[in-house]
2 protein chains.
Amino acid sequence: MLNTLSYGLLGLLASESCSGYDLMLRIQPFWQAKHSQIYPLLAKLEREGFVQYVRIEQRDKPDKKVYSLTEKGTEAVLEWLGEPPAEQSSRDELSLKTKCIWMTQRDISIPLFLTRLKQLETRTAYYEKLLQRIPEEERHVHSKHFGDYVLLHRAISLAGAQIEWCRWVVNMLEQEEELS
Amino acid sequence: MLNTLSYGLLGLLASESCSGYDLMLRIQPFWQAKHSQIYPLLAKLEREGFVQYVRIEQRDKPDKKVYSLTEKGTEAVLEWLGEPPAEQSSRDELSLKTKCIWMTQRDISIPLFLTRLKQLETRTAYYEKLLQRIPEEERHVHSKHFGDYVLLHRAISLAGAQIEWCRWVVNMLEQEEELS
DNA sequence: TGTCTCATGTAACTCGTTACATGATTAA
DNA sequence: TTAATCATGTAACGAGTTACATGAGACA
């Protein structure tokens, strides 16, 4: 049995062979993992026969190892897909801070939510741009980009809900201040 | 400088003194941490003077250590609140699986989202119940429960957005199957 | 001249989970 | 009688981050 990150990497390789560096960039939006975690894992997956690689020489850039799934790797992904998904877990420092905003004044509490608002707006703009890049003909169930398409939709709608929430909280904090 | 979990624990203690066990239950919805991580951390925070405790003997239950903030601890929380919040990070196995649903048939892909749907509906019901328990007079900015109030609102609206999304994806998967 | 990107890797450390350990009460 | 809750703690392991290390080309 492999860990979740391993399956995630194998899953990405199922749609397209790529380098460890590419895998790092592609998995980042869904699972935080630095290159220092990914490179040793790929080496281990290679030793165990889930992936294989070819070394590609490049002009003007360092050589890279392009990894691809083996048959054993493909089987592992399909098996993993059949298991029920784990509950999602999130870590949000703002939630912890929100728990004790009663201790603070408006000059401390309001910027917390305005900062988050900006982060969310920046990310939304980025997601919208990525979504526009997926052509109509790739937005169907059997396209390799269907996953990206629906995940971008989710990210945008969740960010929208959080933006609304931040504005609602900021409003409450501002109004309460006028009364006191 | 303390880590985020430490500040989270101190933040909770700011509104109410409680045992390590209580802290574990209260921080769980916002930050995953088991008792085996929290107890040693509390001991360290006590050695460093951020918290203090009294041992309370109980009938019918094991003794407990009730922790409270020291002045140094209160200062640390206020300082922490002044810093901008870190970006939230989430880990969701379903996202990774969604990335490769193109590999599967409806009998594999649809249950993934139906399982998530159930998880979300159960959690929403639980959040709604908790929200109803917060009386009107505690829902203002200066109440110690204001944080809980707004966080429950966020949790419910985010879960709602995700429920809608799951239904949308399931619909697409079902319809596409009829065509093929 | 300095920072960014591409591209790989290792070492040292902290963070977080699982398992081990105890033990009384309470509910199914 | 079996599991759950309350309540604390430690040990061993795996997961994850930060820092160290290299090096060429692009861009400001």
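Nothing here was measured: the structure is a model prediction, and the numbers come from that model. Lettering follows sequence order; numbering is per chain, from 1.
Taking 4.0 angstrom as the limit, Gln37(A) places a side-chain polar atom (N or O) nearer than this to OP1 or OP2 of dG16(D). For the OP1/OP2 pair of dG9(C) and a distance below 4.0 Å, the side-chain nitrogens and oxygens of Tyr39(A) include no atom meeting the criterion. Dashed line: the shortest gap from a side-chain N or O of Lys34(A) to OP1 or OP2 of dT18(D) is under 4.0 Å.
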Under 3.5 Å, which N/O atoms of the protein pair with N/O atoms of nucleotides 22-28 of chain C?
none

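For the pair Tyr127(A)/Leu158(A), no side-chain contact is recorded, criterion being any heavy-atom separation below 4.5 Å from C-beta on. With a 4.5 Å cut-off on side-chain heavy atoms, Ser68(B) and Leu13(B) do not count as touching. Between Asn3(A) and Leu41(A) there is a side-chain heavy-atom pair separated by less than 4.5 Å.
Atoms NZ (Lys64(A)) and P (dG25(D)) sit 17 Å apart, rounded to a whole Å. dT5(C) atom C1' lies 13 Å from atom NE2 of His35(A), rounded to whole Å. The CZ-P distance, from Arg91(B) to dG14(D), rounds to 17 Å in whole Å. For Gln32(A) and dT14(C), the CD to C1' distance is 17 Å, given to the nearest whole Å. Following rounding to the nearest Å, Trp31(A) (CH2) and dT17(D) (C1') show an atom-to-atom distance of 16 Å. In this structure, Leu5(B) atom CG and dG16(C) atom P are separated by 7 Å, rounded to whole Å. The distance between atom CG of Asn3(B) and atom C1' of dG16(D), rounded to the nearest whole Å, is 14 Å. As a whole-Å value, the separation of Ile38(A) CD1 from dT10(C) P is 14 Å.
With sequence neighbours left out, the ring-ring contact (aromatic ring centres under 6.0 Å, His included) criterion links Phe146(B) to no other residue. For the side chain to side chain contact (heavy atoms under 4.5 Å, CB included) test, no residue two or more places apart in sequence or in another chain qualifies with Thr122(A). Listed by chain and residue number, nothing satisfies the ring-ring contact (aromatic ring centres under 6.0 Å, His included) test with Tyr126(B) (two or more places apart in sequence, or in another chain). Annotation: side chain to side chain contact (heavy atoms under 4.5 Å, CB included) contacts of Tyr39(A) (sequence neighbours excluded): Tyr21(A), His35(A). Residues passing the salt bridge (Lys or Arg N to Asp or Glu O under 4.0 Å) test with Asp92(B) are Arg154(A), Arg116(B), sequence neighbours excluded. Remark: Asp107(B) pairs with Gln105(B) by the side chain to side chain contact (heavy atoms under 4.5 Å, CB included) rule, at least two apart or across chains.
At its two ends the helix from dT1(C)-dA28(D) to dA28(C)-dT1(D) runs along axes set 50° apart, each axis drawn from five pairs and the angle rounded to 10°.
Against DNA chain D, the stretch residues 7-15 of chain B makes no heavy-atom approach under 4.0 Å. For DNA chain D, the residues of residues 45-59 of chain B within the heavy-atom distance limit of 4.0 Å (strictly under) are Gln58(B), sorted by number.
Using bins of under 30°, 30° to 60° and over 60° for the plane-to-plane angle, the ring pair His142(B)/His140(B) lands in the tilted bin.
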Please table the atom pairs, donor to acceptor, closer than 3.5 Å between any side-chain atom in residues 72-89 of chain B and protein atoms at least two apart or in another chain.
from	atom 1	to	atom 2	distance (Å)
Lys72(B)	NZ	Glu48(B)	O	2.8
Thr74(B)	OG1	Thr70(B)	O	3.0
Trp80(B)	NE1	Glu93(A)	OE2	3.1
Gln88(B)	OE1	Gln162(A)	NE2	2.7

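One can find a donor-acceptor pair under 3.5 Å joining the base of dT18(C) and the side-chain atoms of Ser36(B).
The list of salt bridge (Lys or Arg N to Asp or Glu O under 4.0 Å) pairs with a residue in residues 22-45 of chain A, not counting sequence neighbours, reads Glu16(A)-Arg26(A).
Between Trp102(A) and Tyr149(B), the ring centre distance reaches or exceeds 6.0 Å.
If you check dT8(C), dT8(D), dT10(C) against the side chain of Pro40(A), the one that comes closest is dT10(C).
Atom CD of residue Gln58(B) and atom CG of residue Asp63(B) lie 7.5 Å apart, to the nearest 0.5 angstrom.
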